[in-house]
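Input: a single structure, listed below in structure tokens.
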Amino acid sequence: MRNYPDAVMLFAAGFGTRMRDLTANQPKPLIKIGNKALIDHTIDLIGDAQIPNIVANTHYLPDQIVSHLSGSPVRTILEDPEILETGGGLRNALTLLGNGPVFTANTDAIWKGPNPFKTLKSRWDPERMDALLLCVPAEKALGHSGAGDFILDQNGQLSRGPGVIYGGIQIIKTERLAEISERVFSLNKLWNLFHDANTLFGLSYDGQWCDVGTPEGIPLAETLLD
């Protein structure tokens with residue numbers, strides 16, 4: 001089994017309800033930031049990192065996602081009849097992603113600075129880690145409210161609590177997904193298993209990041225574009 005990721009799971013199935021009217025007739029990954037769909041900004045970063053295998057899940061208005069990605073290197077997988085959330089969605093796509101660790105990436109953020117995929121891969125240690133999450137200090141995050149998601153200690157290990165914000169990109173091992181009985185579940189369940197085993201790690205991002213989860217995030221994200 002390979003120890004280093006050569007596949008990316010793009011989460012593109014959600015309803016995007018916080019975007020209000022903007023997602024009434026289109027899925028959130030197709031909302032444009034600087035004349036480019038949100039999902040394409042992430043795909044460009046993946047291409048720059050030369051990761052060969054890219055899979056996107058679909059559920060809400062799936063034909064639009066499939067049509068948009070036609071001719072690209074991204075393969076799609078439909079979640080039907082129900083949306084499976086991040087954990088269930090990742091497990092559902094394993095036949096396309098292959099064995100070993102994979103990247104997962106949300107498709108509703110803009111990054112400015114070092115390539116997040118390259119950054120994670122350069123620090124991935126499969127002997128110690130079951131997951132490595134790219135996290136953003138609050139002062140480098142735009143469009144995000146709240147106290148943060150994790151506490152990042154001096155050894156790089158994560159625990160729950162106010163502190164850094166999970167930026168939505170990680171490297172994660174997938175073997176323990178088989179231990180979760182539910183069909184629909186969040187990756188938080190897997191992170192909890194890793195935390196208890198002392199194998200949940202994080203990395204602080206040196207650049208800037210914008211959460212594009214609401215309409216107000218769009219003009220903020222555009223300030224990060226070159």
Side-chain angles (χ1 to χ4, degrees), residues 5 7-32 37-43 46 51 53-70 72-109 130-131 133-134 144 146 149-150 160 165-196 200 211-215 217:
V8 183
M9 176 71 187
L10 291 175
F11 293 120
F15 296 100
T17 53
R18 290 191 301 147
M19 281 291 185
R20 303 191 287 277
D21 290 346
L22 292 178
T23 50
N25 298 300
Q26 69 174 341
K28 182 167 67 170
L30 299 188
I31 291 173
K32 289 188 175 180
L38 262 170
I39 195 170
D40 290 340
H41 287 279
T42 303
I43 291 170
I46 295 168
I51 305 165
N53 185 9
I54 313 170
V55 177
N57 64 349
T58 65
H59 176 78
Y60 177 61
L61 301 175
D63 291 347
Q64 291 188 34
I65 297 284
V66 171
S67 176
H68 181 81
L69 296 175
S70 177
S72 81
V74 184
R75 294 180 290 171
T76 59
I77 185 167
L78 177 66
E79 296 180 6
D80 185 67
E82 57 189 343
I83 193 168
L84 299 174
E85 298 189 23
T86 51
L90 178 59
R91 187 168 62 190
N92 186 58
L94 289 181
T95 55
L96 297 179
L97 294 166
N99 296 322
V102 300
F103 290 95
T104 75
N106 296 342
T107 54
D108 59 356
D130 281 329
L133 283 60
L134 194 55
H144 185 87
D149 304 303
F150 294 100
R160 301 283 184 176
I165 300 155
Y166 173 51
I169 299 179
Q170 66 174 330
I171 297 173
I172 189 166
K173 293 181 181 178
T174 61
E175 292 87 350
R176 297 193 69 182
L177 286 168
E179 299 177 24
I180 299 172
S181 60
E182 296 93 334
R183 172 175 161 81
V184 179
F185 63 95
S186 166
L187 279 174
N188 278 292
K189 283 187 172 288
L190 199 56
W191 289 343
N192 288 341
L193 293 177
F194 296 160
H195 174 267
D196 292 345
L200 182 67
D211 176 14
V212 194
T214 66

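Position 1 is the first residue of the sequence; numbering continues from there. Just so we're clear, the structure is a prediction, and the values are computed from it rather than from any experiment.
Although no hydrogens or angles enter the test, the distance criterion places a donor-acceptor pair under 3.5 Å between the side chain of Thr107 and the main chain of Phe11. Using a distance-only test at 3.5 Å, with no hydrogens or angles considered, no donor-acceptor pair links the side chain of His195 to the main chain of Leu200. Arg91 places a side-chain N or O within 3.5 Å of a backbone atom of Ile180 that can act as its donor or acceptor partner. Not a single donor-acceptor pair under 3.5 Å links the side chain of Asn106 to the backbone N or O of Asp108. Judged by distance alone, the side chain of Ser70 and the main-chain N or O of Ser67 form no donor-acceptor pair under 3.5 Å.
Here the rule is side-chain contact (heavy atoms from CB on, under 4.5 Å) with Thr104, and of Leu90, Val8, Ile169 only Leu90 fits it. The only member of Val55, Ile54, Thr76 that meets side-chain contact (heavy atoms from CB on, under 4.5 Å) when paired with Leu96 is Val55.
Asn57 and Gly89 get closest at one heavy-atom pair: ND2-CA, 4.4 Å. Closest approach of Ala13 to Glu79, counting heavy atoms only: CB-OE1, 4.2 Å. Residues Ile171 and Pro5 share a closest heavy-atom pair of CD1-CG, 3.8 Å. Residues Gly14 and Tyr60 share a closest heavy-atom pair of O-CB, 3.6 Å. For the pair Ala109 and Gly167, the tightest heavy-atom approach, listed with the atom from each and the gap, is CB-O, 4.4 Å. Residue Gly213 comes nearest to Lys28 through the heavy atom pair CA-NZ, 4.3 Å, listed as atom of the first residue, atom of the second, then distance.
Interatomic distance, CG of Asp130 versus OG1 of Thr174, reported as 10.5 Å (0.5 Å rounding). Note that the CG atom of Leu94 and the CD atom of Glu175 stand 9.5 Å from one another [nearest 0.5 Å]. Separating the OG1 atom in Thr86 from the CD atom in Gln170 is a distance of 8.5 Å, to the nearest 0.5 Å. Here CZ of Arg18 is found 10.5 Å from OG1 of Thr23. Values are rounded to the nearest 0.5 Å. One finds the CD1 atom of Ile39 at 5.0 Å from the CD1 atom of Ile65 (value rounded to the nearest 0.5 Å). Taken to the nearest 0.5 Å, the CD atom of Glu85 stands 11.5 Å off from the NE2 atom of His59.
The number of heavy-atom neighbours closer than 6.0 Å to CG of Asp80, taken from other residues, nucleotides and ligands shown, is above 12. Counting heavy-atom neighbours within 6.0 Å of Asn25 CG, excluding the residue itself, gives a total of 12 or less.
Proximity of Trp191 to Leu133: side-chain heavy atoms (C-beta onward) are separated by under 4.5 Å at one or more points. In this structure, the side chains of Phe103 and Ile172 stay at 4.5 Å or more apart for every pair of heavy atoms. Inter-residue side-chain proximity for Leu177 and Phe185 is flagged as met; some heavy-atom pair is nearer than 4.5 Å.
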For Asn53 and Arg75: C-alpha separation, side-chain torsions, deciding distance, then whether side chain to side chain donor-acceptor pair (under 3.5 Å) applies. CA-CA 8 Å; Asn53 185 9; Arg75 294 180 290 171; 2.8 Å; yes

List the steps and the verdict of side chain to side chain contact (heavy atoms under 4.5 Å, CB included) for Leu190 and Arg176. CA-CA 7 Å; Leu190 199 56; Arg176 297 193 69 182; 3.8 Å; yes

Please walk me through it: do Ile46 and Leu10 pass side chain to side chain contact (heavy atoms under 4.5 Å, CB included)? CA-CA 10 Å; Ile46 295 168; Leu10 291 175; 3.8 Å; yes

Let's go through Val212 and Leu38 carefully: what are the C-alpha distance in whole Å and the side-chain angles of both, what is the deciding distance for side chain to side chain contact (heavy atoms under 4.5 Å, CB included) to 0.1 Å, and is it a yes or a no? CA-CA 9 Å; Val212 194; Leu38 262 170; 4.1 Å; yes

Assess the residue pair Tyr166 and Leu134 against the criterion (side chain to side chain contact (heavy atoms under 4.5 Å, CB included)); give the C-alpha distance rounded to whole Å, side-chain angles, the decisive distance to 0.1 Å, and a yes or no. CA-CA 6 Å; Tyr166 173 51; Leu134 194 55; 5.8 Å; no

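Here Phe194 pairs with nothing under the ring pair (Phe, Tyr, Trp, His ring centres under 6.0 Å) rule; sequence neighbours left out.
Side-chain contact annotation: Arg160 with Asn192, donor-acceptor N/O pair under 3.5 Å present.
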